[in-house]
Amino acid sequence: MSTPYPFTAVVGQDDLRLALLLNAVSPQVGGVLVRGEKGTAKSTAVRALAALMPETEVVPGCRFSCDPAAPDPSCPDGPHESRPGARRPTALVELPVGASEDRLVGALDIERALAEGVKAFEPGLLAGAHRGILYVDEVNLLNDHLVDLLLDAAAMGASYVEREGVSVRHAARFLLVGTMNPEEGELRPQLLDRFGLTVEVKASREPDQRVEVVRRRLAYDDAPEEFAARWAGEEAAVRQRIMAARELLSSVRLGDGALRQIAATCASFEVDGMRADIVMARTATALAAWAGRTDVLAEDVRQAALLALPHRRRRNPFDAPGLDEDKLDETLEEFGEQDEGDDDPDPGPDGGPEGGPGGQPAPEDGPQGDDTSARPEGGEGGEPQAGPGVGERSAVRAAEPFRTKTLSVPGVGEGAAGRRSRARTERGRTTGARRPRGALTKLHLAATVQAAAPHQRARGRNGPGLVVRRDDLRQAVREGHESNLVLFVVDASGSMAARQRMSAVKGAVLSLLLDAYQRRDKVGLVTFRGTAAEVALPPTSSVDAAAARLESLPTGGRTPLSAGLLKAHDVLRVERLRDPSRRALVVVVTDGRATGGPEPVALAGRAARLFAAEGTASVVVDCEAGPVRLGLAGQLAGELGGTAVTLDELRADSIAGLVRDVQGTSRRAA
């Protein structure tokens, strides 16, 4: 077994280390979600935490880690006899992003269950994580059906495996720790709320600290055991402090004043439900125990809010996480106890190396955020715009988003689970049966019985049981929904530049992005204006990034429609090589005009026919306005082999027509 990197050797990242240690002191805090850019020691710190956790006492031989003092009465390995327990290190179980459902919850031997009535069960990762740590790296990329199983287990403290009337239940209480890079997409709100605390981590911009990170990492890579030995004393001291804080935890008093501050803070930031109040209370209590105190102070409540509320106060997917610390301080002061003086306006261990809450940059590091909004005045990269007298216009804000009609890819795919287009999936309604390819996951009982029935006499059946062989088993074929790649091709030319009009266009695209977020789609953004097109955002799961690029998009210049379509075609070609099972939906947002260069209309038509020839699903959002309409967007949709909808028809509450499926034949249609 490799020597883990010592927890105490992690440089900086104070908020991350504190959040992990608070969960080690009080597992009831509810786990940690670590958000941050790549290469910031997220995974290193999480894996190092397991070595600091106290040992766990388990029933010898139990595959489900039952506590000998209170064994699970429903344990599949039970009932357990009363005997001394065995001590072992706290389990750290890692859930891979590509794990199957059977790997997570366990597998039931269907053949033995049907033929012998025996519950032959192979435990999964949830059983291994019971009374330990379940670590999910890149948790935001986890498939939806695995997220659902995690939610159920976290809520009930148990895992259920049910196959055609045969069920197994076992306890599954674990500390859930997830890491993610927000650039690759956000989490579903239901799972986000299951994490007790969240921290934002960034690499330090301080040269001396970066030098120390490199120095320690090189020393560890050269001699892991020797490096760990140098930190053994610090590791032992932290482990002892965790044990002392656990013993003190039950003696910590959470007074009415602190509770009032907690309730007022949660109400002030308009968090949903009551879980935030409970998590804040447990976190503040753990902070007091970690500090060696038996009373919860205002500084504990403040730090608890910085850790427990940022991911709960978000009102829509495109809001940035974080808290207004001035508002937090005002609330705590207004509802603070009179006998607890607020001598230190910024007490407690909340100031990390970055100086802000949850590892975010300090205010003095953020002026460039103000400059970004002004950047479009000068153009993107100073690119000259074609056309006499046509200058680039600064970005305008998007109109209020709205609920859109459902746009889906025709046919039946086999892509990643989602909520947009029809697909053959592991979950959904049963549409047929087939022989299993590999391990059987979903039994089609009627088809299995039908396959086995003709052979009962030949197999010597002489009792009530059905003689079932492996060849009789049938896998259920299910149909659900998949996520797609939604590639937006947005016209940012001068013909779209009228402020009121462009605001409506951005509002429509933002609405479609919100729909893509809810349907778990991958998105990309291509824009065209002036003399060329550019990939503003390569295909990604981060819909937030697409919304940010859209918000800062300037307009102006000619309309190189053919360049935009060819750039989109190239993006799809590369993406098919990377992810061949994910089907694409191209959404072209334009008024249909094409200018610049020789024969711009003919070039645009030829580019559009490339999509039609490949069967790529497409829709054109017609942005033409005014009493006189040329119908150019409709002609473009015809060349693409898709459908044109106006901005008004895009609204779900529009009376212009029924919900539209994208027309045309998909290249991979069933």
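- The backbone N or O of G31 lies less than 3.5 Å from a partner atom in the side chain of N23, making a donor-acceptor pair.
- Within the structure, every pair that satisfies the ring-ring contact (aromatic ring centres under 6.0 Å, His included) test and touches residues 169-188, not counting sequence neighbours, is listed here: F64-H170.
- Scored by the salt bridge (Lys or Arg N to Asp or Glu O under 4.0 Å) test, E575 finds K522, R578 as partners (sequence neighbours excluded).
- Using a cutoff of 4.0 Å between basic side-chain nitrogens and carboxylate oxygens, D515 and R420 are scored as salt-bridged.
- Residues that satisfy the ring pair (Phe, Tyr, Trp, His ring centres under 6.0 Å) test with H569, not counting sequence neighbours, are F611.
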Per-pair distances, 0.1 Å, donor-acceptor, side chain in residues 121-135, under 3.5 Å, sequence neighbours excluded:
residue, atom, partner, partner atom, Å
H130, ND1, R173, N, 3.0
R131, NH1, E57, O, 2.7
R131, NH1, S65, O, 3.2
R131, NH2, E57, O, 3.2
Y135, OH, S43, OG, 2.6
Y135, OH, T179, OG1, 3.2

field: side-chain contact (heavy atoms from CB on, under 4.5 Å) evaluation trace for V588 with L636
entry: CA-CA 9 Å; V588 185; L636 176 62; 4.1 Å; yes
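- When all heavy atoms of L565 and A607 are compared, the pair lying nearest together is CB-CB, 3.8 Å.
- Residues that satisfy the side chain to side chain donor-acceptor pair (under 3.5 Å) test with R573, not counting sequence neighbours, are D570.
- Residues satisfying the side chain to side chain donor-acceptor pair (under 3.5 Å) criterion with R275, sequence neighbours excluded, are D193.
- Nearest approach of M53 to T90, heavy atoms of both residues: CB-OG1, 3.4 Å.
- Here R474 pairs with nothing under the side chain to side chain donor-acceptor pair (under 3.5 Å) rule; sequence neighbours left out.
- One distance of note links CG of D152 with OG of S159; it measures 9.0 Å at 0.5 Å rounding.
- Residues meeting the side chain to side chain contact (heavy atoms under 4.5 Å, CB included) test with R459, sequence neighbours left out: A452, H455, Q456, V467, R469, D472.
- When atom types are taken as modelled, the side chain of R520 and the backbone of G418 share no donor-acceptor pair closer than 3.5 angstrom.
- Put simply, OG1 on T198 and NE2 on H311 are 5.5 Å apart, with the number rounded to the nearest 0.5 Å.
- For T430 (side chain) and R478 (main-chain N/O), no donor-acceptor pair under 3.5 Å exists by modelled atom type.
- With hydrogens and angles left out, the side-chain atoms of S483 and R582 include a donor and acceptor closer than 3.5 Å.
- Salt-bridge annotation for R424 and E479: absent, with no side-chain N of the basic residue lying under 4.0 Å from a carboxylate O of the acidic one.
- Annotation: the span from F488 atom CZ to L550 atom CG amounts to 9.0 Å, rounded to 0.5 Å.
- For the atom pair CG of L525 and CG of L537, the computed distance is 6.5 Å after rounding to the nearest 0.5 Å.
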- prompt: Could you go step by step and tell me if R583 and E482 meet the salt bridge (Lys or Arg N to Asp or Glu O under 4.0 Å) rule?
  reply: CA-CA 9 Å; R583 299 188 294 164; E482 66 177 357; 2.6 Å; yes
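- Evaluation of the salt bridge (Lys or Arg N to Asp or Glu O under 4.0 Å) rule for R194 yields no partner, not counting sequence neighbours.
- If you check the side chains of R576 and T616, you find a donor sitting under 3.5 Å from an acceptor.
- From L146, atom CG reaches atom CG of L95 across 6.5 Å, with rounding to the nearest 0.5 Å.
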- request: Could you walk me through whether L150 and L142 pass the side-chain contact (heavy atoms from CB on, under 4.5 Å) test, one step at a time?
  value: CA-CA 10 Å; L150 273 181; L142 202 62; 3.7 Å; yes
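- Side-chain atoms of D521 never come within 3.5 Å of backbone atoms of L485 as a donor-acceptor pair (strictly under, hydrogens ignored).
- The CG atom of L92 sits 9.5 Å away from the CG atom of L175 when rounded to the nearest 0.5 Å.
- By the side chain to side chain donor-acceptor pair (under 3.5 Å) test, T40 is found to be paired with no residue, residues two or more places apart in sequence or in another chain being considered.
- Contacts of R457 classified as salt bridge (Lys or Arg N to Asp or Glu O under 4.0 Å), with partners at least two apart in sequence or in another chain: none.
- Other residues, nucleotides and ligands contribute more than 12 heavy atoms inside 6.0 Å of the CZ atom of R63.
- A donor-acceptor contact closer than 3.5 angstrom links the side chains of S421 and N484.
- By the side chain to side chain contact (heavy atoms under 4.5 Å, CB included) test, A276 pairs with C266, V271, L309, R312, sequence neighbours left out.
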